[in-house]
Structure formats: structure tokens, C-alpha cells
Amino acid sequence: FKDAGAPLTIISQKNQGTAGAYNTGINTISEGWIVMLSADDFILPDHLLALERTIAAKPQAQIISSNGYYLEKGKRTLASPVDVHPYENDSCTLDDLIESCFFAVGTAFTKEAFDAVGGFVLGFYAEDYLLFLEILASGYEHAYTGQVTAVHRRTKQQKSNRALQMREEEILDFKIIEEKYNLNEATRALIAAKIKGLERNIALRKKLYKVLSPKRAEALIRKVVDR
């Protein structure tokens with residue numbers, strides 16, 4: 001791309017994981033919007049235009065996400081039905097985000113919000129979810145475009161397929177925002193309930209892993225959930 005004249009800057013540094021790479025890249029700019037895109041995902045042609053329209057329509061928003069597809073073994077599944085708005089006023093609150101992360105492929109956020117929370121935390125397994133939690137816990141607003149403009153490719157190698165580790169880190173995410181931010185009692189109660197549910201989920205998975213292999217246990221759990 002650079003050889004073809006694209007306006008790219010190539011940066012080399014000691015390996016600090018994905019969070020360290022994101023931080024270094026984002027800190028080369030002083031203002032504006034950042035659009036996140038992992039190597040296993042892609043955005044559709046109208047994605048940036050949809051973001052631009054939402055920024056113009058909702059100038060108070062500092063983080064914006066869209067609808068999209070999950071793609072696995074050639075099968076496409078919508079993240080959210082196109083005729084259903086998952087959030088009141090098309091805006092995800094902190095409580096909504098604690099309940100469940102929005103479809104995050106191609107999420108955009110401002111440099112201002114990024115700087116306010118100190119960027120991505122190094123060493124975390126799913127650093128993007130923690131960043132989103134911190135941005136909303138800091139009082140910044142989210143906006144949802146509702147348009148289907150991004151695709152998340154699901155593969156066995158992805159972080160999100162490591163069910164046990166993902167849930168263990170979610171507990172850490174919740175504890176961080178609980179300790180770091182001045183949350184209301186209702187939000188703290190929601191976090192406590194989520195942590196309790198995650199701890200039960202983790203304990204059940206560990207028991208199944210002892211009886212079955214982790215791979216077979218997760219396959220069984222997916223079958224039960226699909227039913």
C-alpha cells in the first residue's frame with residue numbers, strides 16, 4: 001500500500017501485544033476519530049460513510065458502532081436483526097455495555113475519549129471491551145448507526161473462541177471500572193450480578209473440561225445454547 005502511494009506510516013517497536021501496538025499507532029495523532037479494525041475482520045464499502053453521517057447527526061457521541069455480520073464457515077449471521085433497535089435512542093449506555101458488548105468491528109472513537117481513559121491497558125486479553133467500558137464509565141456517549149457495514153470472521157484461532165479466558169478477563173474488566181470510576185449503586189449492583197454469573201459459568205466450564213476435553217465441552221455448550 002505504501003509503495004502504491006497510500007498515506008501510511010510504518011512503525012516498528014518491541015512487541016507489546018495488540019494493546020501496545022494500538023496505543024503506539026493511535027498516539028501518532030493528536031485529535032480526530034480512530035476506526036478499529038482487526039486483521040480477521042473487514043468493513044463494507046459504506047462503513048466509513050455511515051460513521052460520518054452518525055458523527056454529523058450526533059455530535060455529542062465520542063464512540064460509534066454499527067451493525068454487522070458474523071461469518072463462520074461461509075454462513076452469515078446478523079449481529080442484530082435489522083428491524084430491531086438494540087438500544088434506546090440508538091445509544092448504548094454503560095449498563096447496556098456491562099450486560100453485553102455491542103458488535104465491535106469497525107468501532108470508531110475520538111482521540112479525546114482515548115486519551116481521557118489512558119488508552120488500552122497492556123497485557124489484557126480482550127483490551128477493546130475494557131476500553132469501551134472505560135470510555136462510557138468516563139461519561140462519554142455512544143451512538144449506534146444501525147447499518148450493516150462490517151463483518152467479523154469467526155475462526156478457531158481467535159481470542160473470542162477461548163471461552164474460559166474471555167470470561168475470566170471480563171471479571172477483571174468489571175473490577176477495574178468498579179474501582180476506578182464513580183459508578184451509581186444500580187450499576188454496581190449490575191456488575192456484582194454479572195460477576196456472580198460469570199463465576200458460576202467458569203466453575204461449570206471447569207467441571208465439564210475435567211469430564212470432557214475443552215473442545216468437546218465447548219461443542220456441547222454451543223449445541224445446548226443453539227437449541
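Since we're looking at a predicted model, the values are computed, not measured. Side chains included, hydrogens not; waters and symmetry mates left out as well; all remaining heavy atoms used. One is the number of the first residue; the rest follow in order along the sequence.
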Do Lys175 and Ile195 come close enough that some side-chain heavy atom pair is under 4.5 Å? yes
Take atom NZ of Lys207 as the centre, draw a 6.0 Å sphere, and report whether it contains more than 12 heavy atoms from other residues, nucleotides or ligands. no
Which atom names give the shortest non-hydrogen contact between Ala50 and Gln147, and what distance separates them? CB-OE1, 3.5 Å
Taking Phe174 as the starting point, is it possible to reach Leu183 by hopping between hydrophobic residues whose side chains are less than 4.5 Å apart? yes
Let me check something: do Leu172 and Leu133 share a hydrophobic cluster, defined by ILVMFWY side-chain heavy atoms less than 4.5 Å apart, either directly or through other members? yes
Do Asp96 side-chain atoms and Thr93 backbone N/O form a donor-acceptor pair below 3.5 Å? yes
Are Ser91 and Glu141 close enough that a side-chain donor and a side-chain acceptor fall under 3.5 Å? no
Does any part of the side chain of Thr107, heavy atoms only, come nearer than 4.5 Å to the side chain of Asp128, both counted from C-beta? no
Side-chain contact, heavy-atom cut-off 4.5 Å: Glu99 with Lys194? yes
Set out, in order, the CA-CA distance, both residues' side-chain angles and the distance that settles side-chain contact (heavy atoms from CB on, under 4.5 Å) for Ile177 and Thr187, then state yes or no. CA-CA 11 Å; Ile177 64 165; Thr187 299; 5.9 Å; no
Suppose we screen for ring-ring contact (aromatic ring centres under 6.0 Å, His included). Which residues come up paired with Tyr22, at least two apart in sequence or across chains? Phe120
pair Ile202-Ile171: side-chain heavy atoms closer than 4.5 Å: yes
Any donor-acceptor N/O pair, Ser213 side chain to Arg216 backbone, under 3.5 Å: yes
Between Thr9 and Thr28, is there a side-chain heavy-atom distance shorter than 4.5 Å? no
For the hydrophobic clusters of this structure (ILVMFWY residues joined by side-chain heavy atoms under 4.5 Å, transitively), does one cluster hold both Phe102 and Val35? no
I need the Trp33 CH2 to Ile55 CD1 distance, nearest 0.5 Å. 4.5 Å
State, with a plain yes or no, whether a side-chain heavy atom of Tyr181 is found less than 4.5 Å away from one of Leu94. no
Under 3.5 Å, side chain of Asn27 to main-chain N/O of Asn23, donor-acceptor pair present? yes
Here the pair of heavy atoms bringing Ala217 nearest to Leu208 is CB-CB, 3.9 Å
Starting at CG of Leu198, measure out to CD of Glu169 and round the result to the nearest 0.5 Å. 12.0 Å
If you compare all heavy atoms of Lys111 against all heavy atoms of Ile26, which two are closest, and at what distance to 0.1 Å? CE-O, 3.2 Å
To check you understand the geometry: which heavy-atom pair defines the closest contact between Val117 and Ser138, and what is its length? CG1-OG, 3.3 Å
Between Arg76 and Val151, is there a side-chain heavy-atom distance shorter than 4.5 Å? no
Spatial distance of atom CG (Leu212) from atom CZ (Arg205) [nearest 0.5 Å]: 12.5 Å
Any side-chain to backbone donor/acceptor pair from Tyr140 onto Phe114? Under 3.5 Å, distance only. no
Give every residue pair that meets the side chain to side chain donor-acceptor pair (under 3.5 Å) criterion with at least one member in residues 48-66, sequence neighbours excluded. Gln62-Thr110, Ser65-His142, Ser66-Thr149
So, does Arg167 use its side chain to make a donor-acceptor pair with the main chain of Ala163 at under 3.5 Å? yes
Distance in Å, Glu127 CD paired with Met36 CE, rounded so as to fall on 0.5 Å steps: 7.0 Å
Does a side-chain heavy-atom distance below 4.5 Å link Glu218 with Tyr209? yes
Distance (rounded to the nearest 0.5 Å) between Leu190 CG and Leu97 CG: 10.5 Å
Do you know which two heavy atoms are closest between Val121 and Glu134, and how far apart they sit? CG2-OE2, 4.0 Å
Flag yes if Tyr69 and Leu51 sit in one hydrophobic cluster, no otherwise; membership is Ile, Leu, Val, Met, Phe, Trp, Tyr, and two members link when side-chain heavy atoms are under 4.5 Å apart. no
Please answer whether the main-chain N or O of Leu49 pairs with a side-chain N or O of Asp46 as donor and acceptor at a distance below 3.5 Å. no
Taking atom CG of Leu130 and atom CD1 of Ile176, what is their separation to the nearest 0.5 Å? 5.0 Å
Would you say Met166 ends up clustered with Phe103 if hydrophobic residues are merged whenever their side chains have heavy atoms under 4.5 Å apart, either directly or through other cluster members? no
Nearest non-hydrogen partners of Asp173 and Ala126, listed with the distance: OD2-O, 4.5 Å
